[in-house]
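Data first, discussion second: the structure below is written as structure tokens.
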2 protein chains.
Amino acid sequence: MANKENRPLPSIDEYLPHIAYDLVIFGFNGKSLKILLLEYDNTSFFALPGGFIKRDENVDDAVKRGLEERTGLKNIFLEQFYTFGNVERPKPEVMRTILEANGFDPKDGHWLLDRFISIAHYALINFDEVNPKPDRLSKSINWYSIDDLPSLMMDHKAIVLKALNVLRNNLENKLVGINLLPDKFTMKELQMVYETVLGEKLRRTTFQRKMLNKDILTRHEKLFTGGAHKAPYLYSFKEH
Amino acid sequence: MANKENRPLPSIDEYLPHIAYDLVIFGFNGKSLKILLLEYDNTSFFALPGGFIKRDENVDDAVKRGLEERTGLKNIFLEQFYTFGNVERPKPEVMRTILEANGFDPKDGHWLLDRFISIAHYALINFDEVNPKPDRLSKSINWYSIDDLPSLMMDHKAIVLKALNVLRNNLENKLVGINLLPDKFTMKELQMVYETVLGEKLRRTTFQRKMLNKDILTRHEKLFTGGAHKAPYLYSFKEH
DNA sequence: TATTATTGTCTCATTTTGTTACAATAATAC
DNA sequence: GTATTATTGTAACAAAATGAGACAATAATA
């Protein structure tokens, strides 16, 4: 089976059946937290980037591969957070529509139309360094703010919400800022990351004291740009 | 294919291939934290209880089913904590040995000898209420203290360690004590649970104050039994 | 009846966090 | 140039949480 451009669908010989992964890729643009979503051609579905596991491939490696294909980035912070395994979660009609819109005509019972469990991961990346590339089945891939998401296919909304929950709980432990900010940043920017992830305002002085006391930041020269006010220091994270 | 007693192996028609679950079932006997392990007949392998997912069954339900079959208990605290998906984790020789020791003779390429990913869960149960029943492939199921485990098959040791880690991180959030203690318990018993899970000693007075301030405990009559000393109160957890 | 070990609570020291205040200062307006 | 403005870094004190020790109460035992 192949589409007009004669590119075949993933073959059951190459991939494990019934097992997929989905990616919630978080980025931060200085104001709000965003995730990458695919839009499929000729359909109204938005979806998380995802993929399948090769028969001789670690799940972790498959996910890294998928992330690199879409963002061009390696060595990204990536964490598995839940495996979604309800019977009703896959929607064969949805998959069929997507495939047909792309010139394929999968037979009933094709493995891609069967039941899938999905091992969901989230990634944290620096917004500015990313140049996302669409899937070969999707017409676009774009950033969407998490408090203004379009409607998502299947259970992808639930996957995003769960990811956000886990991210919030991991905020202190996992040094989330390292992965969402450029190398050097101001205290204000760091605080914005925390506030945006948590979804609440933090007290400036307390936040600043806490971060400085943690002994995880290096202070650099001051940044002589910005507004009509005292210039902030730049900081970077210490080497672990 | 069937063994001497003519019980067939699980059929590929009924179960999803390549997907299994494993259970780390924690219990507490007043002194140490224990987990349930299976011992296979004619082999030296100890293993976590596990199972497969039916084709029309939610993963969660499959796991609940497995837990109930082994402990007789329903409505147990159960949490998925990680999906193990490395290529090298399944050991077909090990599975073959177990099956052969039980009178089966699986052909090469049999689905049970193929690659599996495992969705691992941990359960917290009250030690005293459990009457574990062995698998039909295993000769025994018993409690083993987590600081004195026998050697485990495949990557099951890593699964246990990961479970323990997650449990420790969830200790404050998940009210672990509710599930590991009987309905009524003393402050000392509650402290023992925390100490055993954390693997460290806690200060008695601070622990007591913190627990009482949380407003999660109901105090009952005193318990007039025990040692040559003042009798402790009994406590229970408040309804949600 | 005295002894013993453990429990529940109190007190005070220490640490952490919340809150307010204020001097320093880079850009802008004049 | 000089005053104005908004933001930054930090100090100071208040309030809350935690650490550490002391002690009276008391159920079982000797």
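First the proteins, then the strands, lettered A, B, ... as listed; each starts at 1.
- With C/dA26, C/dG8, C/dT19 as the choices, the nucleotide that has an atom nearest any side-chain atom of A/Arg209 turns out to be C/dT19.
- The only member of B/Arg168, B/Lys201, B/Lys31 that meets salt bridge (Lys or Arg N to Asp or Glu O under 4.0 Å) when paired with B/Glu195 is B/Lys201.
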- Message: Once pairs are restricted to Watson-Crick or G-U wobble with both distances under 3.5 Å, how does DNA chain D read as a dot-bracket string, [ ] for crossings and | for other-strand pairs?
- Response: ||||||||||||||||||||||||||||||

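- As a whole-Å value, the separation of A/Phe207 CZ from C/dG18 P is 13 Å.
- Atom CD of A/Gln208 is separated from atom C1' of D/dT7 by 11 Å (rounded to the nearest Å).
- Aromatic ring centroids of B/Phe26 and B/Phe28 lie 6.0 Å or more apart.
- Of the candidates D/dA6, C/dT19, C/dA21, the closest approach to any side-chain atom of A/Thr206 belongs to C/dT19.
- Spacing between atom CD of A/Gln191 and atom C1' of D/dG9 amounts to 13 Å, rounded to whole angstrom units.
- Residue whose closest nucleotide on DNA chain C sits further toward the 5' end, between A/Asn213 and A/Ala231: A/Asn213.
- Residues A/Ile159 and A/Met154 fail the side-chain proximity criterion, which asks for heavy atoms closer than 4.5 Å.
- What separates CG of A/Leu234 from C1' of D/dT7 is a distance of 15 Å, to the nearest Å.
- Within 3.5 Å, no donor on the side chain of A/Arg219 pairs with an acceptor on the base of D/dG9, nor the reverse.
- Other residues, nucleotides and ligands contribute over 12 non-hydrogen atoms within 6.0 Å of the CG atom of B/Asp128.
- With hydrogens and angles left out, the side chain of A/Lys230 and the base of D/dT8 share a donor-acceptor pair within 3.5 Å.
- A/Glu189 has its side chain out of reach of A/Tyr235: every pair of non-hydrogen atoms, C-beta onward, lies at least 4.5 Å apart.
- Look at B/Arg203 and you'll find a side-chain N or O under 4.0 angstrom from OP1 or OP2 of D/dA20.
- Within 4.0 Å (heavy atoms only), A/Thr205 reaches at least one base atom of the nucleic acid.
- For B/Lys214, the NZ atom counts as densely surrounded, since its 6.0 Å shell holds more than 12 non-hydrogen atoms of other residues, nucleotides or ligands.
- Rounded to an integer number of Å, the gap from CE of B/Met211 to C1' of D/dT18 is 14 Å.
- Judged by distance alone with a 3.5 Å cut-off, a donor-acceptor contact links the side chain of A/Arg204 to the base of D/dG9.
- Straight-line distance from the NE2 atom of A/His229 to the P atom of C/dA26: 11 Å, rounded to whole Å.
- One atom, CG of A/Leu217, and another, P of D/dG9, lie 11 Å apart when rounded to the nearest Å.
- Distance A/Glu221 CD to C/dA26 P: 13 Å, rounded to the nearest Å.
- Nearest nucleotide to the side chain of A/Met187, out of C/dG8, C/dT9, D/dG9: D/dG9.
- Residue pairs satisfying the ring pair (Phe, Tyr, Trp, His ring centres under 6.0 Å) criterion with at least one member in residues 147-168 of chain B, sequence neighbours excluded, are absent.
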